[in-house]
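See below for the structure under consideration.
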Amino acid sequence: MQANSVAVLGAGSWGTALAKVLAENGLAVRLWARDPQMAERTQRDRINARYLPECRLPDSVTVTADLARALAGADQVWFVLPTKALVPFIAELSAQTGDAIPAHAILVNAAKGFERGTGRRISELFAEPDRAGALADHPFVVVSGPTFAHEVATGKPSAITVASRDFAAAETIAASLRNPRLRTYPTSDVVGVELAGGLKNVLAIAAGVSDGFGFGANARAALITRGLAELMRLGAAVGARSETFMGLAGVGDLVLTCTDDQSRNRRFGLKLAQGYGPEEALAAIGQAVEGIGAAEEGQRLAERHLVDMPIVHAVHQVLFDGVTAREAVGQLLAREPRHHEH
């Protein structure tokens with residue numbers, strides 16, 4: 001059944017873009033921003049001046065800093081927060097306002113990443129009654145794919161994967177997003193979609209480093225291809241389907257994020273190649289760089305499942321072990337290929 005009331009929690013660029021698309025598709029949308037002044041300005045001016053200044057919001061989008069108001073009567077609740085903020089927010093929402101979410105509401109995660117310190121995927125956190133409380137009883141959907149917020153918001157042709165173990169929930173969310181400019185493709189492989197969406201950001205950092213050093217298109221193509229092989233090896237170890245990594249949520253998102261400077265993770269890698277330290281590079285980007293936390297958790301997952309992921313390991317060394325970007329690249333280039341690396 002198509003929803004008619006949607007809460008979008010998180011008014012960054014992606015949350016704002018999704019709110020705009022959902023409203024243009026005929027849904028009543030309440031976009032929640034944590035900052036009351038930002039919410040008031042955006043509601044008044046119909047433009048999110050900080051994150052998506054070129055795009056006017058439809059009148060059917062209500063912007064509010066009142067969480068209870070955003071959630072009241074929602075058929076869908078979209079979580080579009082940086083993973084670092086999302087994990088504590090789940091606990092906060094469960095403890096304080098879990099009852100405010102209608103029992104029939106579908107929960108949708110549109111962020112990409114892992115819980116810091118455990119490597120756990122977001123769907124795993126939402127499934128735990130001890131962590132998520134009543135939220136664990138709701139259908140859960142993941143939205144991921146090669147989609148820059150500005151291009152989706154301005155109606156440029158795009159395609160996205162909608163993943164859930166609940167087929168009806170996946171179809172409902174896919175229908176809510178679908179229009180002549182945005183194609184949606186449902187799947188049941190939540191594990192593969194979440195792994196690909198989280199770890200492609202690590203590989204985008206590596207691609208930025210490669211391009212920052214001027215290694216050229218050949219090296220970038222090799223890095224993307226070898227990075228995809230790393231994702232597929234980890235996916236096979238944890239029960240994901242290989243075809244997921246060959247689709248929009250896998251190679252599609254990987255190519256996009258590794259090759260276009262709209263990607264914050266790629267730009268972060270470019271800064272590292274210019275000699276910036278990780279903290280300096282992050283400050284220069286000025287927004288969340290999900291690949292930083294994902295590198296730590298990707299390394300943790302590789303060790304846990306005994307999977308060889310040399311590119312993820314190299315990025316981890318630069319971000320957490322004091323290795324310079326140039327040293328890490330040198331170690332990668334000097335590495336002897338193994339039989340499975342073809």
Side-chain angles (χ1 to χ4, degrees), residues 7-20 31-36 38-39 42 48-52 63 65 67 70 77-94 107-126 131-132 135 140-150 152-153 160 193-205 208 249 253 256-257 262-269 271 278-279 281-298 300-301 315-316 319-320:
V8 177
L9 308 183
S13 54
W14 188 218
T16 304
L18 287 168
K20 183 175 185 289
L31 175 61
W32 177 77
R34 192 181 290 274
D35 181 347
M38 176 192 174
T42 306
N48 187 336
R50 179 175 180 184
Y51 291 111
L52 210 61
V63 188
L67 184 58
V77 179
W78 289 65
F79 294 84
V80 201
L81 299 164
T83 305
K84 184 177 180 180
L86 176 59
V87 174
F89 185 74
I90 294 171
E92 175 187 331
L93 189 61
S94 172
L107 307 185
V108 187
N109 180 43
K112 299 170 182 177
F114 307 90
E115 182 182 32
R116 295 293 291 269
T118 70
R120 305 189 76 181
R121 294 173 287 104
I122 300 303
S123 65
E124 294 179 289
L125 303 182
F126 273 97
R131 298 286 297 274
L135 301 179
F140 184 82
V141 177
V142 178
V143 169
S144 187
T147 46
F148 285 135
H150 181 268
V152 170
I160 200 164
V193 168
E194 287 186 305
L195 279 182
L199 292 177
K200 59 91 184 183
N201 287 324
V202 183
L203 302 173
I205 293 174
D253 207 2
L256 181 78
T257 315
Q262 292 181 73
S263 164
R264 295 191 295 267
N265 293 278
R266 173 182 158 78
R267 296 202 312 273
F268 179 79
K271 294 293 185 186
E279 292 297 326
L282 180 60
I285 299 302
Q287 289 181 258
V289 175
E290 295 282 19
I292 298 173
E296 189 170 23
E297 303 317 319
R300 192 185 312 276
L301 288 167
V315 174
H316 181 272
L319 297 181
F320 300 103

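- In this structure, the side chain of Thr147 engages the main chain of Gly145 through a donor-acceptor pair within 3.5 Å.
- Judged by distance alone, the side chains of Asn48 and Thr42 never bring a donor and an acceptor atom under 3.5 Å apart.
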Practice task
Please test Val315 against Phe320 for side chain to side chain contact (heavy atoms under 4.5 Å, CB included), starting from the C-alpha separation and ending with a verdict.
Solution key: CA-CA 9 Å; Val315 174; Phe320 300 103; over 6 Å; no
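- Residue Ala17 comes nearest to Ala153 through the heavy atom pair CB-CB, 3.8 Å, listed as atom of the first residue, atom of the second, then distance.
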Handout entry: Ile160/Val152 under side chain to side chain contact (heavy atoms under 4.5 Å, CB included): CA gap, chis, key distance, verdict
Key = CA-CA 10 Å; Ile160 200 164; Val152 170; over 6 Å; no
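- Residues Arg131 and Ile90 have side chains not in contact (no heavy-atom distance under 4.5 Å, counting atoms from C-beta outward).
- Closest approach of Leu319 and Ala295 over heavy atoms only: CD1-CB, 3.9 Å.
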Practice task
Begin from the C-alpha positions of Asn109 and Leu86 and carry the test side chain to side chain contact (heavy atoms under 4.5 Å, CB included) through to its verdict.
Solution key: CA-CA 10 Å; Asn109 180 43; Leu86 176 59; 3.5 Å; yes
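- To the nearest 0.5 Å, atom CD of residue Gln287 and atom CG of residue Leu282 are 10.5 Å apart.
- At least one donor-acceptor pair under 3.5 Å links the side chain of Glu297 to the backbone N or O of Gly117.
- One distance of note links CZ of Arg300 with CD of Glu296; it measures 5.5 Å at 0.5 Å rounding.
- Taken from OG in Ser263 to CD1 in Ile285, the straight-line distance is 9.0 Å, to the nearest 0.5 Å.
- Val108 has its side chain out of reach of Val142: every pair of non-hydrogen atoms, C-beta onward, lies at least 4.5 Å apart.
- What you find for Ile122 and Gly113 is that their closest heavy atoms are CG1-O, 3.9 Å.
- Considering CZ of Phe148 and OG of Ser13, their distance stands at 10.5 Å, rounded to 0.5 Å.
- For the pair Arg264 (side chain) and Ala288 (backbone), a donor-acceptor distance under 3.5 Å is present.
- Of all heavy-atom pairs spanning Ala33 and Ala11, the tightest one is CB-CB, 3.7 Å.
- Taking 4.5 Å as the limit, some side-chain heavy atom of Thr257 sits within range of a side-chain heavy atom of Asn201.
- Contact detail for Gly291 and Val202: the closest heavy-atom pair is O-CG2, 3.8 Å.
- Looking at Leu93 and Leu135, their side chains come closer than 4.5 Å, going by heavy atoms from C-beta outward.
- Within the 4.5 Å cutoff, no side-chain heavy atoms of Trp14 are placed close to those of Tyr51.
- Tested against Glu194, the residues Arg121, Arg120, Lys112, Lys200 include a single salt bridge (Lys or Arg N to Asp or Glu O under 4.0 Å) partner, Arg121.
- Rounded to the nearest 0.5 angstrom, Thr83 OG1 and Arg116 CZ are separated by 10.0 Å.
- Using a distance-only test at 3.5 Å, with no hydrogens or angles considered, no donor-acceptor pair links the side chain of Trp78 to the main chain of Ala7.
- Asn265 is not listed as a side-chain neighbour of Ile292, based on a closest heavy-atom distance of 4.5 Å or more.
- Without hydrogens or angle criteria, Asp253 side chain to Gly197 main chain gives no donor-acceptor distance under 3.5 Å.
- Within the 4.5 Å cutoff, side-chain heavy atoms of Glu115 are placed close to those of Leu125.
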Exercise for the section: Take Phe114 and Leu199 through the test side chain to side chain contact (heavy atoms under 4.5 Å, CB included) and record every step on the way to the result. Expected result: CA-CA 9 Å; Phe114 307 90; Leu199 292 177; 3.8 Å; yes
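- Atom CZ in Phe79 sits 5.0 Å away from atom CG in Leu107 (nearest 0.5 Å).
- In terms of heavy atoms, Val80 sits closest to Gly15 at CG1-N, 3.4 Å.
- Aromatic pair Phe89/Trp32: centroids less than 6.0 angstrom apart.
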